[in-house]
Asks: 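If you scroll down you'll find the structure; I have some questions about it.
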Amino acid sequence: MNSQTDALLSVRNLVKNFELRASSGIRKTKRIVQAVAEVSFDVKVGQTLGLVGESGSGKTTVGRSILQLIQPTSGEVIFEGQDLTKMSFEQLREVRKQMQIVFQDPFASLDPKMTVGSSISEPLVVQGVSGNHEEKVAELLDLVGLASDHAKRFPHEFSGGQRQRVGIARALALDQKLIVLDEPVSALDVSIQAGVVNLFADLQKRLGMSYIFIAHDLSVVRHIADQVAVMYLGKIVEIGDKDAVYRNPTHPYTKALLSAVPLPDPKVERSRHRIMLEGDVPSPVNPPTGCRFRTRCWKATDLCASEEPQLVVRSAGQQSACHFPE
Amino acid sequence: MMSNSVLQIRDLRVTFNTQLGELKAVRGIDVDVEPGQILGVVGESGSGKSVSFLAAMGLLPKSATISGSVKLDGEELIGAKRKAIRSVRGKSLAMVFQDPLSALNPVHRVGDQIVEMIQSHQDINTHDAEKKAVELLEIVGIPQPDERARQYPHEFSGGMRQRVVIAMAIANNPKVLIADEPTTALDVTVQAQILEVIQRVQQTFGTAVVLITHDLGVIARVADSVNVMYAGRNVESGSVQSIFDHPSHPYTRGLLSSLPHEGIERLQPIAGFPPNMLAPPSGCGFAPRCQHATESCNVSLPPLTPYDDLFTSCICADELRIGRVS
Ligand SMILES: Nc1ncnc2c1ncn2[C@@H]1O[C@H](COP(=O)(O)OP(=O)(O)O)[C@@H](O)[C@H]1O
Ligand SMILES: Nc1ncnc2c1ncn2[C@@H]1O[C@H](COP(=O)(O)OP(=O)(O)O)[C@@H](O)[C@H]1O
Ligand code: SF4
Ligand SMILES: [Mg+2]
Ligand SMILES: [Mg+2]
């Protein structure tokens, strides 16, 4: 994790708090959502970091903070050696040409009144890129497996899978080095999802960009990622090489999460041991002291309430934050 | 097919009158739900899973034209008087949906809503109904059910709300519980809890369950038998083991092999996308995406045909089964 040599992106101690203004009686109270709490990780050149965890764990906030779409409360986002959090607006505009984000909902991310071609070339226009945009659009459509005459059509004329391809073409318009994919296949049928996942893999092989792949579907992440980070209530509880984390999870939450995923095999499903977690994820407004997972953890002791566990190396390329690792 | 079904559907057809023309959502399906069993219904989105069972519940809008037969314990529901259907709905036949809030009244305490559900079908005084409501909340695993009964829906988390809705659905000890994507909006650890609740209801009360889902892992975990739907038809049905062991319809096979699993390099999507049900193909609905399709597939809809322990609607199922083609 510390080797900076081949890291395209290094996130260090990233914190994002949201202030909720709620009025209770006459007094205005300020409540703070600790959406992301001291998160650090690297993304290597040409590799994929999978970011998993239950909803509300802070995955989207991490993604948006990296692109400076929201301003982190503190911490560093170092992209190719430069800290984005300290950049001027003008400087950011330049580096933003190299990063993009793709969202889950292919409907919401495309303007219904714009042809698909204009949507795809929009980033080129915004960034003031000169040259033949029509040709570039045709090339991008071809790259994502659509025909060049699709450029003249409108989003409603496309199926969900096709719309997601358009969103990807748009994200690729500026030869990105980093693409944050926020639940990019969650809205698609598995039969369609498989093609989009293959497309991500192919594009990475050809163009060499890095991905942060955010998803709640752990099987898809296992397929596409090189490293995986597991988040719980704003914290990374386990991070490491995909195979290590999936084969030998060392944090109780990772273990429980993996055991809850339904596998498409009746014999396996009916014979395997499942760890049932009680209750739901607590509120990030007042997260539990010590280990944030302790209220649902079957191993928790007094120590877990009083002292926050730090990320500790468990095996080569694998760290987890637990006082009583598996 | 067996005849001791508690819910028996024959040649059910649903057509919606839309501005763009007639949308053929369900095109002749047969369903048999055995007492005390869990039937999993899986398929592409838009394949008619929800509409089929909304039709059985008498919950479709006026724009729907319905034909065929739906018998609950031998009693015909299609064409039955409104009053007769209302006495069945919520009593012998109950349904829960993906969004529990759609079934809950935000301004009433959850306990009162369960009481109302009990009293609308049973002659029972309020005191006893209240006691029963608390018991039901306990059965679905809600801690401190006494206190929780006095709370409002917004005071519950998503998973707890889904439990409340299940408690309401089983309030009158239905013969069949239809659960339409009940865990789709939930995190996997909460999904595991809800699936356990559904299994507990089935085992404790002998309730038959129809579990509609797009997740083959969920099917593998809890279903006894499976119906696979595509383009308004049942394309394959059989025991859960037979569906996973030797799927014989090209769609079932495609669906299973499009899933990510350990050790595969590349996912296998199903090419193309589902047909427009305003103008469905004249023959097999899957033919436009099927790699085995021949001229004859486009001639007429292949009927569900028995092959050992499976019913498959594909003219080349026989060859697929014995592995002459892959
Ligand atoms: N703009 C915002 N204002 C207040 N709270 C927010 C905002 N965005 C996210 N949050 C909260 O931050 C936490 C993390 O959210 P998010 O990053 O969206 O999680 P995930 O993507 O893992 O589901 C959640 O509790 C969420 O409610
Ligand atoms: N109220 C409605 N009016 C018109 N079309 C509808 C209506 N409800 C569903 N449909 C259409 O019927 C088809 C089947 O839908 P549905 O049963 O909801 O699919 P799913 O298998 O995803 O549950 C789809 O083409 C859908 O668009
Ligand atoms: S630190 Fe304690 S509470 Fe946290 S995961 Fe480890 S054992 Fe459980
Ligand atoms: Mg998110
Ligand atoms: Mg549906």
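Computed from a predicted structure; not experimentally measured. Just so we're on the same page: letters track the sequence lines, and every chain starts at 1.
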Asks: Got a sec, which residues hit side chain to side chain contact (heavy atoms under 4.5 Å, CB included) with B/Ser225, two or more places apart in sequence or on another chain?
Replies: B/Leu39

Asks: Measure distances from B/Gln268 to the heavy atoms of chain A and classify the residue's part below 4.5 Å as side chain, backbone, both or neither.
Replies: backbone

Asks: Locate the shortest heavy-atom distance separating B/Leu267 from A/Asn198; write the atom from each residue and the value.
Replies: O-ND2, 2.8 Å

Asks: May I ask you to decide if B/Glu44's main-chain N or O and A/Asp189's side chain share a donor-acceptor pair within less than 3.5 Å?
Replies: no

Asks: With a 3.5 Å cut-off and no angle check, do the side chains of B/Thr189 and A/Glu54 form a donor-acceptor pair?
Replies: yes

Asks: Which residues from residues 216-224 of chain B are near chain A, with near meaning under 4.5 Å between non-hydrogen atoms?
Replies: B/Leu216, B/Gly217, B/Val218, B/Ile219, B/Ala220, B/Arg221, B/Val222, B/Ala223

Asks: Check whether A/Asp202 gets within reach of chain B through its side chain, its backbone, both or neither, counting any heavy atom under 4.5 Å.
Replies: side chain

Asks: Consider side chain to side chain contact (heavy atoms under 4.5 Å, CB included). Of B/Leu259, B/Asp215, B/Leu256, which one does A/Val190 pass it with?
Replies: B/Leu259

Asks: So, A/Asp280 side chain and B/Ser157 main chain: donor-acceptor pair closer than 3.5 Å or not?
Replies: no

Asks: Answer with side chain, backbone, both or neither: which region of A/Gln162 has an atom nearer than 4.5 Å to a non-hydrogen atom of chain B?
Replies: side chain

Asks: Of all residues at least two apart in sequence or in a different chain, which pass the side chain to side chain contact (heavy atoms under 4.5 Å, CB included) check with B/Gln241?
Replies: A/Pro266, A/Lys267, B/Ser239, B/Asp245

Asks: Name the region of A/Leu263, side chain, backbone, both or neither, that has any atom closer than 4.5 Å to a heavy atom of chain B.
Replies: backbone

Asks: Quick check on the structure: residues of residues 222-231 of chain A within a heavy-atom distance below 4.5 Å of chain B, by number.
Replies: A/Arg222, A/His223

Asks: Name the option with the most non-hydrogen atom pairs under 4.5 Å to chain A; the candidates are B/Val190, B/Leu195, B/Val188.
Replies: B/Val188

